[in-house]
Amino acid sequence: MADTKLIGFGNPLLDISAVVEQDVLDKWGAKLNDAILAEDKHKPMYAELAESHPVEYIAGGATQNSIRVAQWVMGKPGSTAFVGCVGKDQFGDKLEQAARGDGVNAAYMKHPETPTGTCAVLVKGGERSLVANLSAANCYEISHYETAEIQELVTAANIVYCAGFFLTVSPPTMIALGKHVAEKHKTFCLNLSAPFICQFFKDPLLSVMPYVDFLFGNESEAAEFGKAMGWGEELDVVALKAAAMPKESGSRPRVVVITQGKDPTIVALGGGISKFDVDELPKEALVDTNGAGDAFVGGFLAKLSQAADLAECVRAGNWAARQIIQVSGCKIPEGPCTFA
């Protein structure tokens, strides 16, 4: 445990991925490049998808994806840990097996009655739509965070990462993490994760923001955050204003990182904007974009843990995303990481 440099808290989900037609998206009210939480009307979807389409079961959940990619880039087993809630069931066992197989220390809370969460990944034309049924992931409790095992992992880590999706589950855990990080002068990283987080979970988001040293998001999430804050949707403006929001830990300025797919990555720091070009991927090499943003964060955090400069962190992030969009889902490529 003492080797843990990076720890993530989030929603472990088993992805059920299928290539679908437009009518499937329409039926379930799903939009490409979007993520939503499942409602009652979506409950039959998971079984229907498995019956009507060839499906793949892939270890998922945004934070867990990022941690698995970071572990791959960092190389040394046990450099990362991931915490979230699964059920005591076959899907939970599959997730734990996959995470540990990737070298991640999976320290799950296991709920005795609620099944492991799942996420439908609807892929069309290489783009994806996510419909998450959190189930057990929604049951994470701060009491688990307070256990000796998790406290040991948190104490060892220098960087803490949460996807914004965890704001729907346990803001108290995120605030406790933020306070620990601010007090110990460590690094807290947060992802906006989806437009609906900025729309419907703005209050919990703003309660965590003072602790955030690195804020990630893609162009649609950043634009939605700008709208929610009354700043407009111009990305450079949103990045600068988010970077300038009040901060609990005054020892370092906040960095805001906005990805835009193949367009340049925007980084705001200290009142200035930098833009980093993304290497173009031939369209025929794109399999699906599911996990691209998670992989970017994983590559970025891996290099951040090694005290690399911002340009190198962004380069590693874009490289990792490029690898993941050439396979179905957030699957870790076999063999050691070849980033150089």
Side-chain angles (χ1 to χ4, degrees), residues 1-13 59 61-88 92-112 116-117 136-163 165-167 169-191 208 211-214 248-249 251-252 294 297-298 300-307 332:
M1 287 189 184
D3 291 335
T4 303
K5 291 182 167 58
L6 166 65
I7 188 168
F9 282 73
N11 303 333
L13 303 172
T63 306
Q64 185 166 241
N65 285 345
S66 294
I67 297 299
R68 288 167 58 233
V69 171
Q71 175 62 54
W72 175 57
V73 177
M74 290 161 82
K76 184 181 177 186
S79 297
T80 63
F82 173 72
V83 182
C85 187
V86 297
K88 285 188 174 177
D93 293 343
K94 274 181 192 269
L95 280 180
E96 186 165 10
Q97 192 178 356
R100 291 191 178 277
D102 290 331
V104 176
N105 185 351
Y108 295 140
M109 174 183 163
K110 295 182 179 177
H111 200 278
T116 296
N138 204 36
C139 300
Y140 189 80
E141 294 168 6
I142 194 169
S143 57
H144 181 259
Y145 165 79
E146 291 164 347
T147 61
E149 178 195 6
I150 304 306
Q151 286 300 300
E152 188 178 342
L153 288 170
V154 170
T155 300
N158 296 316
I159 301 173
V160 174
Y161 173 66
C162 297
F165 296 123
F166 201 50
L167 289 163
V169 173
S170 188
T173 300
M174 295 174 76
I175 289 170
L177 283 164
K179 286 180 177 175
H180 167 82
V181 165
E183 183 187 325
K184 302 295 183 185
H185 303 291
K186 297 179 178 183
T187 301
F188 188 87
C189 306
L190 177 70
N191 203 316
V208 172
Y211 304 105
V212 176
D213 297 297
F214 285 81
E248 192 71 27
S249 168
S251 57
R252 67 172 75 81
D294 301 336
V297 172
F300 188 106
L301 294 181
K303 287 300 164 187
L304 187 66
S305 76
Q306 296 164 359
I332 305 302

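Just so it is clear, the structure is predicted and the values come from calculations on it, not from any experiment.
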Do [X] and [Y] have side chains that get closer than 4.5 Å, going by heavy atoms?
X: V83; Y: T173; result: no
X: Q64; Y: Y108; result: yes
X: L177; Y: F188; result: yes
X: I159; Y: F214; result: no
X: N191; Y: Y161; result: yes
X: H180; Y: V154; result: yes
X: F165; Y: T63; result: no
X: V69; Y: I332; result: yes

Q) Checking R100 side chain against A106 main chain: does a donor-acceptor pair fall under 3.5 Å? A)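 The answer is yes, because a donor-acceptor pair under 3.5 Å joins these two groups.
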Q) Under 3.5 Å, is there a donor-acceptor pair between the side chain of Y140 and the main chain of Y145? A) yes
What distance separates [X] [atom1] from [Y] [atom2], expressed to the nearest 0.5 Å?
X: L304; Y: Q306; atom1: CG; atom2: CD; answer: 9.5 Å
X: R252; Y: T187; atom1: CZ; atom2: OG1; answer: 4.0 Å
X: E149; Y: N105; atom1: CD; atom2: CG; answer: 7.0 Å

**Q.** Full working for salt bridge (charged side-chain N to carboxylate O under 4.0 Å, His left out) between E183 and K179
**A.** CA-CA 6 Å; E183 183 187 325; K179 286 180 177 175; over 6 Å; no
Q: Under the salt bridge (charged side-chain N to carboxylate O under 4.0 Å, His left out) rule, collect the residues that match up with D294, sequence neighbours excluded.
A: none
Q | Contacts of type salt bridge (charged side-chain N to carboxylate O under 4.0 Å, His left out), residue K186, not counting sequence neighbours | A | none
Locate the shortest heavy-atom distance separating [X] from [Y]; write the atom from each residue and the value.
X: K88; Y: P112; value: CD-CA, 4.1 Å
X: A182; Y: Y211; value: CB-CD2, 4.3 Å
X: A59; Y: L95; value: CA-CD2, 3.6 Å
X: L167; Y: P171; value: O-CG, 3.3 Å
X: C85; Y: H111; value: SG-CB, 3.9 Å
X: F82; Y: G10; value: CE1-N, 3.6 Å

Q: Answer yes if the side chains of K94 and Q97 hold a donor-acceptor pair under 3.5 Å, and no otherwise.
A: no
Q.
Apply side chain to side chain contact (heavy atoms under 4.5 Å, CB included) to residues M109 and I150 and explain how you reach the verdict.
A. CA-CA 10 Å; M109 174 183 163; I150 304 306; over 6 Å; no
Q.
Quick test of your reading: applying side-chain hydrogen bond (donor to acceptor under 3.5 Å, both in side chains), list the pairs with at least one residue in residues 71-84, sequence neighbours left out, ordered by first then second residue.
A.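 Pairs touching residues 71-84 that pass the test: Q71-T80.
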